[in-house]
Q: 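This is the structure, below, for whatever I ask next.
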There are 4 protein chains.
Amino acid sequence: MATREAAASTPNRRRDTRRRIQEVALRHFIERGYETTSLREIAEELGVTHAALYYHFRSKEDILVSVAEGLGGPIDELIAWGDQQPGTLRTRQELLTRYSEALTAAAPLFQLMQENQAVLRKLSIGQTLNDRVAALSRLIHVPEAPLEAQVRASSALMTVHFGAFSLYALPGDAEEKRKALLGLGLELLAAADAEHR
Amino acid sequence: MATREAAASTPNRRRDTRRRIQEVALRHFIERGYETTSLREIAEELGVTHAALYYHFRSKEDILVSVAEGLGGPIDELIAWGDQQPGTLRTRQELLTRYSEALTAAAPLFQLMQENQAVLRKLSIGQTLNDRVAALSRLIHVPEAPLEAQVRASSALMTVHFGAFSLYALPGDAEEKRKALLGLGLELLAAADAEHR
Amino acid sequence: MATREAAASTPNRRRDTRRRIQEVALRHFIERGYETTSLREIAEELGVTHAALYYHFRSKEDILVSVAEGLGGPIDELIAWGDQQPGTLRTRQELLTRYSEALTAAAPLFQLMQENQAVLRKLSIGQTLNDRVAALSRLIHVPEAPLEAQVRASSALMTVHFGAFSLYALPGDAEEKRKALLGLGLELLAAADAEHR
Amino acid sequence: MATREAAASTPNRRRDTRRRIQEVALRHFIERGYETTSLREIAEELGVTHAALYYHFRSKEDILVSVAEGLGGPIDELIAWGDQQPGTLRTRQELLTRYSEALTAAAPLFQLMQENQAVLRKLSIGQTLNDRVAALSRLIHVPEAPLEAQVRASSALMTVHFGAFSLYALPGDAEEKRKALLGLGLELLAAADAEHR
DNA sequence: CATGAATGAGACTTCATTCAT
DNA sequence: TATGAATGAAGTCTCATTCAT
């Protein structure tokens, strides 16, 4: 048994350390900023040398990229899904709903993106993240609609998106708050659609 | 004559250089991030040595602070004004309206703040900027209102605030877009108020 | 007077430090190899921080390049001169003679090149140095000559070139040894020419 | 069967891997320099981890030493042979002839030595290689001869030695070129001897 | 007002090496 | 035999900052 356990733990250790690095890195990147966070800092919290990080990742940016990919996957799937749906109100509402749900898990990533935009812009990954937001924005909007409708659609997305970060302070259950934000978002989309007709 | 001219022009030139430093610095901070922007970079664009900046400012952070203060002033006045008004719907709407107007001039500052949050957090100035947003949020909200109303109020502020940065892509006149955003914001505040009653 | 001296010494200090860096760097590069020499090492001998080197040079390679350019100049002039002469025996002998003289000053550079070829190959400067040798080789050779003549011509250049580094051990005055090497080189060129006819 | 085969193949495979490591290492050391070549690089080309190299060699330097010993053996034998011969012209010519032949196989080693001198100097092995050249030089020279004769003898060795590396560019069969170089070398030795008398 | 020169701290990165498995 | 994981030393470079001139 002991042998079996040891044998099983060996390949796990790597994945485990990798994951732990990503975890700690993401937290630090969010709390202290990507540029301001040093690898030594991350390594110290993990109880390893900073050289050890280079066994698991090729560079600092590589750590960030790996984190972003892991967390951004669901959003990408959502965008891909949205691209294949007809551009109806129902689609836009469904999109917003799914986005709201996906955001629960991806929130840290987006917070990271939002709080480090300027620095990330020059990193290859920066473009990718911005692209995701742009893609969502495109799917939510109706290009031919009047300005008022456009603004309403934008507001719907902003409400769900930024609300996820801004409403920490508000009392109440997180899930409840998310539903309230989503409710308002859906309402705004419906109103935008009504204006469009 | 030469002497007199020099004597007279000195304080002007000095103030002028200060302003030019702030201008260039703000642009770089926004475009490339506060941490990523080096003083050498700023100095080079101004055609001086980076050591020269220290004649006008005590430190890199000092440049940032001076910029933030200059641009943030109007917002502070707005908050001060709001604090002295009764907490009525009219006040909240007036606040949002004035904020929308102030944002036109202060937009660069807020973009800087938003895109460098993580880094600014540890700088004394970071707190100040976040405080402003928090203060506005507080003034816009009605603490005892139900969650739906709170979310609506939040959305109103987010629409006006983030819309100012996010709606670049949309076609149309900037001022027109601002008014559309403000219009929706006011509507949301009104609806929040109605729910509250 | 003291003032004048000080005023004069200020602009000199820079050129002086630059030169001293080049001097020390060249020595270390030759003695311990380019890759194996650390900037800290050079700085320590100069009594400055290694960061100071970066005030005068943009990179380690930049130091090497600047040294190579300074020492390689005369060789370049020689090649340019040779390119404009007719391809006679006299020209080739004159070329070898001048090369032998130039080598006295450029010897350290060529020793550096020779002893670090493998590493320098990937540095942009490496190509440049090899190009110089190739150009000289081309000027010394007579393309249409039979193999024996070619070998003699090559040998003439190798004798003068490598002899400058290899004959340290031999007793005798350096200038005398140089003349002996050159004498043999000229003889070999003449013999090559005779074979060619 | 499987067991027997494995048992039998193990020492062979081991020797084989050792040889492959030496082979790849030598090539990389020559092409990219000893210092600049990393063990990871070598291991990657061999399809193993860099840690695996430590099963076959104790250190990076150990790889180099083993390579040098393997390739340098014939030269050592030649020197040993030369030490026991009388110091006649015939001996010196025979020495040069044998050296020219040995060089064909040992060329890679000498190229490595020549192109990495600076780095090798501080490695114990560096001395060894330089010693070989010095020993050859000593055997070729006649200490009491006049400078002209010494230079001729040196030139003979340099012609054969450096010619082996420098005459790549020249057209013609390699063996033919080698013979031409040797021919000139022998001639130079003879002329040196004539001068000596 | 501004520059030239230098510093000290710290960042990312690479490498040879070790050791349990 | 070889790998996965980690280490510690070292290296190059950048930056904000200082100070005499």
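In the text below, chain A, chain B and the rest are named by the order of the sequence lines, each starting its count at 1.
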Q: In plain terms, say whether C/E31 and D/R121 are close enough for a salt bridge, that is, a side-chain N and a carboxylate O under 4.0 Å apart.
A: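 Answer for the salt bridge query: no.
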
Q: For a quick test of reading the model: is some side-chain N or O of C/T17 closer than 4.0 Å to OP1 or OP2 of E/dA6?
A: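 Yes, within the criterion.
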
Q: Look at all strands and tell whether A/T36 reaches a base, only sugar-phosphate, or nothing, counting heavy atoms closer than 4.0 Å.
A: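 No contact at all - A/T36 keeps every heavy atom at 4.0 Å or more from the nucleic acid.
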
Q: Salt bridge check, B/E45 against B/R27: does any charged N sit closer than 4.0 Å to a carboxylate O?
A: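 Looking at B/E45 together with B/R27, the answer is yes, because their closest N to O distance falls below 4.0 Å.
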
Q: For A/Y54 and E/dT13, is the shortest distance between a side-chain N/O and OP1 or OP2 below 4.0 Å?
A: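 So the side-chain polar atoms of A/Y54 do come within 4.0 Å of the phosphate oxygens OP1 or OP2 of E/dT13, strictly under.
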
Q: Which sits closer to the 5' end of DNA chain E, B/A52 or A/E61, going by the nucleotide each is nearest to?
A: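 By nearest-heavy-atom nucleotide position, the 5'-most residue is B/A52.
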
Q: F/dA2 phosphate, OP1 or OP2: any side-chain N/O from D/H56 under 4.0 angstrom?
A: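 So the side chain of D/H56 is within the cut-off, an N or O lying under 4.0 Å from OP1 or OP2 of F/dA2.
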
Q: Do the side chain of C/H50 and the base of F/dT12 come within less than 3.5 angstrom through a donor-acceptor pair of N or O atoms?
A: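 Answer no: no donor N or O sits under 3.5 Å from an acceptor.
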
Q: Rounding to an integer number of Å, can you tell me how far A/R20 CZ sits from F/dA5 P?
A: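 Result: 13 Å.
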
Q: Could you give the CG-to-C1' distance, from A/L46 to F/dT7, as a whole number of Å?
A: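 To the nearest whole Å, that distance equals 15 Å.
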
Q: Between A/I21 (CD1) and F/dG4 (C1'), how many Å, whole number?
A: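 From A/I21 CD1 to F/dG4 C1': 13 Å.
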
Q: Any ion pair linking D/E41 and D/R32 (charged N to carboxylate O, less than 4.0 Å)?
A: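 A salt bridge links D/R32 with D/E41.
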
Q: To the nearest angstrom, how far is A/E35 atom CD from F/dA16 atom P?
A: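 It works out to 11 Å between those atoms.
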
Q: CD of A/E44 versus P of F/dG8: gap in Å, rounded?
A: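 A/E44 atom CD is separated from F/dG8 atom P by 13 Å.
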
Q: Could you check how far CG of C/D62 sits from P of F/dT14, rounded to whole Å?
A: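 Taking CG of C/D62 and P of F/dT14, I get 11 Å after rounding.
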
Q: Establish, with yes or no, whether the OP1 or OP2 oxygen of E/dA6 is under 4.0 angstrom from a side-chain nitrogen or oxygen of C/Y55.
A: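 Result: no.
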
Q: Roughly, in whole Å, what's the span from CZ in C/R58 to P in F/dC13?
A: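 It works out to 11 Å between those atoms.
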
Q: Assign each of A/R40 and B/K60 to its nearest nucleotide of DNA chain F by heavy atoms, then name whichever residue's nucleotide is nearer the 5' end.
A: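 Upstream on the strand: A/R40.
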
Q: Going by heavy atoms in the side chains, are D/E61 and D/Y34 under 4.5 Å from each other?
A: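 Of all side-chain heavy-atom pairs linking D/Y34 with D/E61, at least one is under 4.5 Å.
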
Q: With nearest nucleotide decided by heavy atoms, which residue, B/L39 or C/T37, maps closer to the 5′ end of DNA chain F?
A: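 Here C/T37 is the residue nearer the 5' end.
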
Q: For D/F29 and C/A118, which heavy atoms make the closest approach, and how far apart are they?
A: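 So the two residues come closest at O-CB, 4.3 Å.
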
Q: Of A/S38 and C/G47, whose nearest nucleotide on DNA chain E comes first from the 5' end?
A: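 In this pair, the answer is C/G47.
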
Q: Which whole-number value in Å describes the distance from B/L53 CG to F/dT18 P?
A: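 Going from CG in B/L53 over to P in F/dT18 covers 13 Å.
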
Q: Which nucleotide, F/dC19, E/dT13, F/dT14, lies nearest any side-chain atom of C/A51?
A: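 Shortest atom-to-atom distance from the side chain points to F/dT14.
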
Q: Counting Watson-Crick and G-U wobble pairs only, both distances under 3.5 Å, name the nucleotide matched with E/dA6, or none.
A: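 Looking at the geometry, E/dA6 pairs with F/dT17.
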
